[in-house]
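Remarks on the structure that follows.
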Amino acid sequence: MTWLLRRGSAANVFGGGIGDELPERAALGSRARKVIDDGVVDLVTGFRVAEFQQAGDGLTIVAEDGREVRAVGRVFALTGFRPDTGMLRELRVDLDPTLEAVAGIAPEIDPNIHSCGSVAATGARELAQPEQGLFIVGVKSYGRAPTFLALTGYEQVRSVAAHLVGDHEAAARNELALPDTGVCGGSGAYDDNAGGCCAVPETLQIGARPVTVG
């Protein structure tokens with residue numbers, strides 16, 4: 001198995017390691033690193049696909065710089081995802097044309113600038129739609145941006161619920177402190193071989209109650 005990466009280095013590919021307060025992602029990154037270290041997977045960096053060529057029963061994948069991976073039997077392209085907004089077709093919504101995210105939060109979640117650990121909390125004010133009483137929350141509010149964390153969604157729902165019951169002070173309040181993911185910088189930074197690791201706080205703040213992590 002060959003794993004082709006567009007980015008120029010493997011930095012941050014395996015999550016934040018011991019500095020990642022998202023334990024399941026840290027565990028997944030550890031498993032990925034092990035199969036590479038064990039030689040089960042060959043990791044190739046800086047490989048920007050230019051074309052596929054049919055070669056007998058397999059494919060040859062050609063990079064922009066001329067490198068080739070030959071005799072490929074099957075290709076899995078990890079190209080991201082987009083939300084299904086069909087259920088909103090008859091409603092008045094304001095979505096960013098590029099990210100397909102809620103327009104009010106699009107600048108704050110742009111993956112070219114942010115990682116999931118650097119996106120600020122968003123609430124009722126940013127998530128409100130032109131359709132009266134409609135709010136788009138959760139991963140659907142992020143559109144194609146891969147920077148969503150469940151904790152962010154919980155904070156969105158808390159804010160919207162407060163707004164709906166008339167507690168506008170609580171709706172405007174930010175009660176979320178994101179965990180340190182150990183991965184900083186957006187996809188633009190990855191392409192430039194940049195990105196780094198962030199310091200790890202000892203507690204995670206959810207609302208008014210600190211929770212010890214680790």
Side-chain angles (χ1 to χ4, degrees), residues 1-49 61 63 65 67 69-83 99 108-121 138-156 176-207 209-214:
M1 183 178 294
T2 302
W3 184 5
L4 304 177
L5 287 179
R6 182 184 68 178
R7 64 188 66 169
S9 78
N12 295 328
V13 168
F14 307 106
I18 62 174
D20 200 328
E21 292 180 9
L22 302 175
E24 292 303 321
R25 187 173 69 177
L28 180 63
S30 296
R31 293 198 298 272
R33 187 186 296 275
K34 185 176 188 305
V35 296
I36 291 171
D37 291 343
D38 291 346
V40 177
V41 175
D42 181 23
L43 179 64
V44 179
T45 60
F47 196 101
R48 292 176 173 268
V49 177
I61 306 176
D65 60 9
R67 286 181 293 167
V69 178
R70 301 181 178 181
V72 177
R74 186 166 297 177
V75 175
F76 296 90
L78 307 181
T79 59
F81 62 93
R82 55 174 24 97
L99 292 179
E108 304 300 325
I109 66 173
D110 188 339
N112 289 307
I113 302 172
H114 297 284
S115 74
C116 53
S118 66
V119 174
V139 68
K140 195 178 290 289
S141 73
Y142 271 51
R144 299 172 58 203
T147 46
F148 177 78
L149 290 176
L151 283 173
T152 306
Y154 300 155
E155 172 64 8
Q156 289 179 339
L176 172 69
L178 288 172
D180 197 312
T181 65
V183 179
C184 302
S187 61
Y190 292 150
D191 288 345
D192 295 333
N193 297 331
C197 211
C198 309
V200 183
E202 296 180 354
T203 60
L204 169 64
Q205 186 78 24
I206 304 177
R209 184 173 65 91
V211 179
T212 301
V213 296

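Numbering of residues begins at 1 and proceeds along the displayed sequence. Computed from heavy atoms alone, side chains included, the values below leave out hydrogens, waters and symmetry copies.
- In this structure, CG on L5 lies 7.0 Å from OG1 on T45, to the nearest 0.5 angstrom.
- Separating the CG atom in L149 from the OH atom in Y154 is a distance of 10.5 Å, to the nearest 0.5 Å.
- In plain terms, the two heavy atoms of T152 and Y142 that are nearest each other are CG2-OH, 3.2 Å.
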For this session: Starting from the C-alpha separation in whole Å, work towards a yes-or-no answer on side-chain contact (heavy atoms from CB on, under 4.5 Å) for V44 and R67.
Result: CA-CA 10 Å; V44 179; R67 286 181 293 167; 3.6 Å; yes
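- Within the model, atoms CD1 of I36 and CH2 of W3 stand 5.0 Å from one another, a figure rounded to the nearest 0.5 Å.
- Residues L28 and R31 meet the side-chain proximity criterion, which asks for heavy atoms closer than 4.5 Å.
- The two residues P146 and P111 come nearest to each other via the heavy atoms CD-CB, 3.7 Å.
- Rounding to the nearest 0.5 Å gives a distance of 5.0 Å between CZ of R48 and CZ of R6.
- D110 and L99 get closest at one heavy-atom pair: CA-CD1, 4.1 Å.
- Here the closest heavy-atom approach between residue F148 and residue G138 is recorded as CE1-C, 3.4 Å.
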